[in-house]
Amino acid sequence: MSAVLLRGGRVVTPDGLVRADVLVEGARITAVGRIDPSRTREAQVLEAEGRLVMPGFIDAHSHAEGAVFEPEVQLALLRQGVTSVIGGQDGVSYAPGDGAWASEYFAAINGPHPTFRGGSVADLLRTYDGAVPLNVAYLVPAGTVRQQVMGGAAGPAGPAERAAMTALVARAVADGAVGLSSGLDYTPGLFAEAEEIAALCAPLAAAGLPYVTHMRGGYEENSQVGIEEAAHISRTAGVAVHISHFHTRAAEAERLLGLLAREGVAASFDAYPYTRGCSLLGMTLLPPALNAMAPGEASALLRDPARRELLRRDWFPAVAQHPSLGPDWPELLTIAHTVAEEFAWAPGLTLAQVAVRRGTDPIEAALDLLAASALEVNVVMAVRDQRPVEDLGRLLAHPQHLGGSDGIFIGAHPHPRSRGTFASYLATYVREHGVLDWSQAAQHLSSGAAERFRLGDRGAVAAGFLADLVLVDPAAVSDRATYQDPLAIAEGIEDVLVAGRPVLADGRLTGELPGRGLRAASRRPLPDTATAPQPDDVACSVPPSPRGSAPAAPTHRPPPQGAP
């Protein structure tokens, strides 16, 4: 069994920083503290002096489930300390089914999967086993499930259709899905009523898994509509709720989270440390009926001068009144990705700048771009009111916050959140502004998501836990990606282990592929005592655990029982 000794670092624990060595044998941490030298003679030594030993970070909202096979994406994630991502977000992804619809509709968000050609969630999860250096967990996407049963139908689901969809969700949960996601601004999710979604959540309740929602009705100052619907779904189905990319003023978020608490809803949320968003240009600017069409059909309609005139007259006035955009929308939308060769120069430019370059107006420029790209366009979306660091920090410090990048790796000029989010949490909000300390950062960026999504014995640097570990230079960790230079990768994290194997060494990929598709861990009764690093000279030690199911764990977690 291979062994690695992390020597001389400071271990981040729930109670603070503890100077300790960490011994990893096989996939697990087997001792933390002062370790008997006889146990480490054959170990590979990784010098951790001057660095923090933290549990691997878990990205609670990622669109990397297709891109994670690319070395450049792997490097971008690992250089931020991300060792696990949760995909299947916003109600749209590859499984269950053949993956064709999601690959087409979300081509500008998730991109294609290089090897999955259809099947179940179990089949999708198997594509990651031993094929990537980090782990991928998966939410069963409600939109994909609806598409499997109802196609693009806009009407409500009938009883037989609900039963068929619920059966697909139940199978996905049995296959290891870690929750159900909805995307209620995307098709076909925007056609689904709350009662339909609550019915799909029934298999989650029995398994103790959350409902994850891209809410209906917008965010920012319009978040209450979605929060009230999420509360209704939670109460009806008896499930916890996780709110995706919950971006609003901190005071408003606190008020709405308080509303959920008063209604007995167990809630968490993710939010990234940026004020701009990123999504499909079609979702932002086109009516739902056009978004629900096959891209080729929609593209043909957008080339029709009569249809364009109707959109200009009847639809775009509503775009100008959208509370997150307003009449300045051409200056607020920056092209991140398009597949149209004639617009290869457009990424990095606003729609207003594209219009000027083409000698037309922004509406015409947007419709030209969408038609030429068969809707495969994503944009970075600025907001009219930029929130200061202090307000974002207050939001990110909320105890129900989990780290999530909403990272999209598709495009020549993507949002910098895909390459900077987790480094920004550490550099800006821990080191520079102190809104979180290092122990709180470990909870927000690792153990909280491990608990919420039942990812087993991850999220702590303690004997018996899986050795997904990150060495952080607290003085050097920094995000480098900006809106002007979004492809720059983070600094200050150069060594990362996944399942005890070094996947990043001296800032470079090692070629090791210990990642896997993470299946939700079985729930077990919890032991009475916990094993955690101690600030004395005695090593905390347990033998490696056999593979099997792991407990769902509280914040101060007991020794694990096995791997998911």
Side-chain angles (χ1 to χ4, degrees), residues 14 22 24-30 32 54-60 62 65 81-88 121-122 124-126 128-130 132-140 172-179 204 206-210 212 240 242 268 402-403 442-470 496-501 503 514-527 530-532 542-564:
V22 179
V24 175
E25 295 177 281
R28 295 186 174 276
I29 302 167
T30 55
V32 181
M54 299 188 72
F57 304 145
I58 298 169
D59 190 338
S62 175
E65 63 259 43
V82 174
T83 57
S84 299
V85 299
I86 300 177
V121 167
L124 176 64
L125 290 173
R126 277 193 289 271
Y128 303 108
D129 292 343
V132 289
L134 62 157
N135 304 307
V136 180
Y138 189 75
L139 302 162
V140 57
V173 168
D175 285 346
V178 297
L204 307 179
L209 295 169
V212 179
H242 180 83
S268 56
L402 302 178
Q443 166 66 23
H444 283 246
L445 308 186
S446 186
S447 60
E451 294 154 10
R452 169 59 84 197
F453 296 101
R454 288 195 18 231
L455 301 183
D457 33 338
R458 290 176 170 82
V461 186
F465 279 75
L466 283 161
D468 293 353
L469 297 172
V470 176
V496 177
L497 276 65
V498 170
R501 290 160 63 183
V503 292
R516 60 193 302 264
L518 296 184
R519 288 76 169 170
S522 300
R523 293 189 292 177
R524 287 186 176 183
L526 297 175
T531 300
V542 298
S545 301
R547 298 181 68 82
S549 295
T555 300
H556 295 281
R557 295 165 56 159
Q561 302 298 307

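For the single chain, residues carry numbers from 1 onward in sequence order. This one's a predicted model, so the numbers in the text were calculated from it and none came from an experiment.
Remark: Ser84 pairs with Asn135 by the side chain to side chain donor-acceptor pair (under 3.5 Å) rule, at least two apart or across chains.
Using a 4.5 Å heavy-atom threshold, the side chains of Val178 and Leu455 count as touching. No side-chain heavy atom of Pro133 sits under 4.5 Å from any side-chain heavy atom of Val498. At a threshold of 4.5 Å between non-hydrogen side-chain atoms, the residues Ile58 and Phe453 do not count as touching. The closest side-chain heavy-atom distance from Leu469 to Val461 is below 4.5 Å. The side-chain heavy atoms of Leu445 and Met54, taken from C-beta on, include no pair separated by under 4.5 Å.
Summarising the geometry of Asp175 relative to Val121, their closest heavy-atom pair is OD2-N, 3.6 Å, with the distance given to 0.1 Å. Nearest heavy atom pair, residue Val82 against residue Val85, reads CG1-CG1, 3.7 Å. Listed here is the closest heavy atom pair of Val470 and Pro55: CG2-O, 4.3 Å. The two residues Leu209 and Ala177 have their closest heavy-atom pair at CD1-O, 3.3 Å. The two atoms that bring Arg28 and Gly464 nearest to each other are NH1-O, 2.6 Å, heavy atoms only. Counting all heavy atoms, side chain and backbone alike, Arg454 lies closest to Gly208 at CD-O, 4.0 Å.
Judged by distance alone, the side chain of Ser446 and the main-chain N or O of Gly56 form a donor-acceptor pair under 3.5 Å. Between the side chain of Tyr128 and the backbone N or O of Leu518 there is no donor-acceptor pair closer than 3.5 Å. Remark: the backbone N or O of Gly88 is paired with a side-chain donor or acceptor of Glu65 at under 3.5 angstrom.
With rounding to the nearest 0.5 Å, the separation of CZ in Arg519 from CG in Asp129 is 4.0 Å.
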